[in-house]
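Since the structure comes first, as structure tokens, the remarks are kept for the end.
What you see is a predicted model, and the numbers here were worked out from it, not measured in a lab. The first residue of the sequence shown is numbered 1, and numbering continues consecutively from there. Every heavy atom of this structure was used, including side-chain atoms; hydrogens, water molecules and symmetry mates were not.
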Amino acid sequence: MGREVARVLRNPWRRLSLLTISFLFGFFLGTALSTIAGQRAEQDILVAAILVIGIEVLNRLIYGSKLWSEDRLWRDVINGLKIGLVYSLFVEAFKLGS
């Protein structure tokens with residue numbers, strides 16, 4: 001099953017589609033989490049800090065081990081998710097600042 005999925009995702013357009021979907025899902029996730037946390041306007045900074053610390057821990061796990069060195073697709077998907085999440089936090093900060 002895993003080999004079939006890997007074979008299907010070797011197509012560059014499908015790979016690009018998967019990476020775009022992971023970026024957009026990360027953006028949605030960041031916007032949703034900041035909106036939910038911002039409902040009471042007390043825990044915005046704490047939730048953003050927890051998200052950034054979680055991303056840094058995930059970076060340490062991914063790039064610190066040799067487990068992920070073989071499978072670049074999943075590493076790229078997780079990176080797209082992280083980039084979308086951090087980008088959405090920046091966009092929310094700019095929206096609140098204006």
Side-chain angles (χ1 to χ4, degrees):
M1 178 76 176
R3 290 183 184 181
E4 291 179 28
V5 172
R7 183 183 57 82
V8 168
L9 292 176
R10 281 190 189 140
N11 184 342
W13 287 105
R14 290 183 183 147
R15 182 181 175 91
L16 183 63
S17 298
L18 184 65
L19 295 176
T20 303
I21 289 170
S22 71
F23 172 77
L24 292 174
F25 182 69
F27 188 84
F28 168 75
L29 189 65
T31 303
L33 288 174
S34 66
T35 303
I36 291 170
Q39 193 72 19
R40 295 183 65 195
E42 295 174 358
Q43 301 172 349
D44 293 341
I45 297 172
L46 180 66
V47 170
I50 289 171
L51 287 174
V52 171
I53 290 170
I55 287 170
E56 291 301 321
V57 168
L58 192 60
N59 282 338
R60 175 72 65 157
L61 290 174
I62 289 175
Y63 294 112
S65 69
K66 295 182 180 181
L67 175 70
W68 293 88
S69 63
E70 314 166 342
D71 198 6
R72 265 192 82 157
L73 177 66
W74 290 113
R75 186 177 61 198
D76 291 344
V77 167
I78 291 172
N79 278 335
L81 186 78
K82 291 185 305 185
I83 291 168
L85 189 104
V86 172
Y87 181 66
S88 71
L89 290 177
F90 275 107
V91 169
E92 289 294 322
F94 283 131
K95 283 195 285 188
L96 291 174
S98 62

Taken in chain and number order and not counting sequence neighbours, the residues that satisfy side chain to side chain donor-acceptor pair (under 3.5 Å) with Arg14 are none
Fill in: Val86 reachable from Leu51 in the ILVMFWY side-chain graph, under 4.5 Å edges
yes
The reported gap from CG in Leu58 to NZ in Lys82 (rounded to nearest 0.5 angstrom) is 5.0 Å
The single option from Leu81, Leu85, Leu89 that satisfies side chain to side chain contact (heavy atoms under 4.5 Å, CB included) with Ile55 is Leu85
Show me the donor-acceptor pairs, under 3.5 Å and distance only, between side chains in residues 18-29 and residues at least two apart or in other chains.
unit_1	atom_1	unit_2	atom_2	d
Thr20	OG1	Leu16	O	2.8
Ser22	OG	Leu19	O	2.8
Ser22	OG	Val77	O	3.4

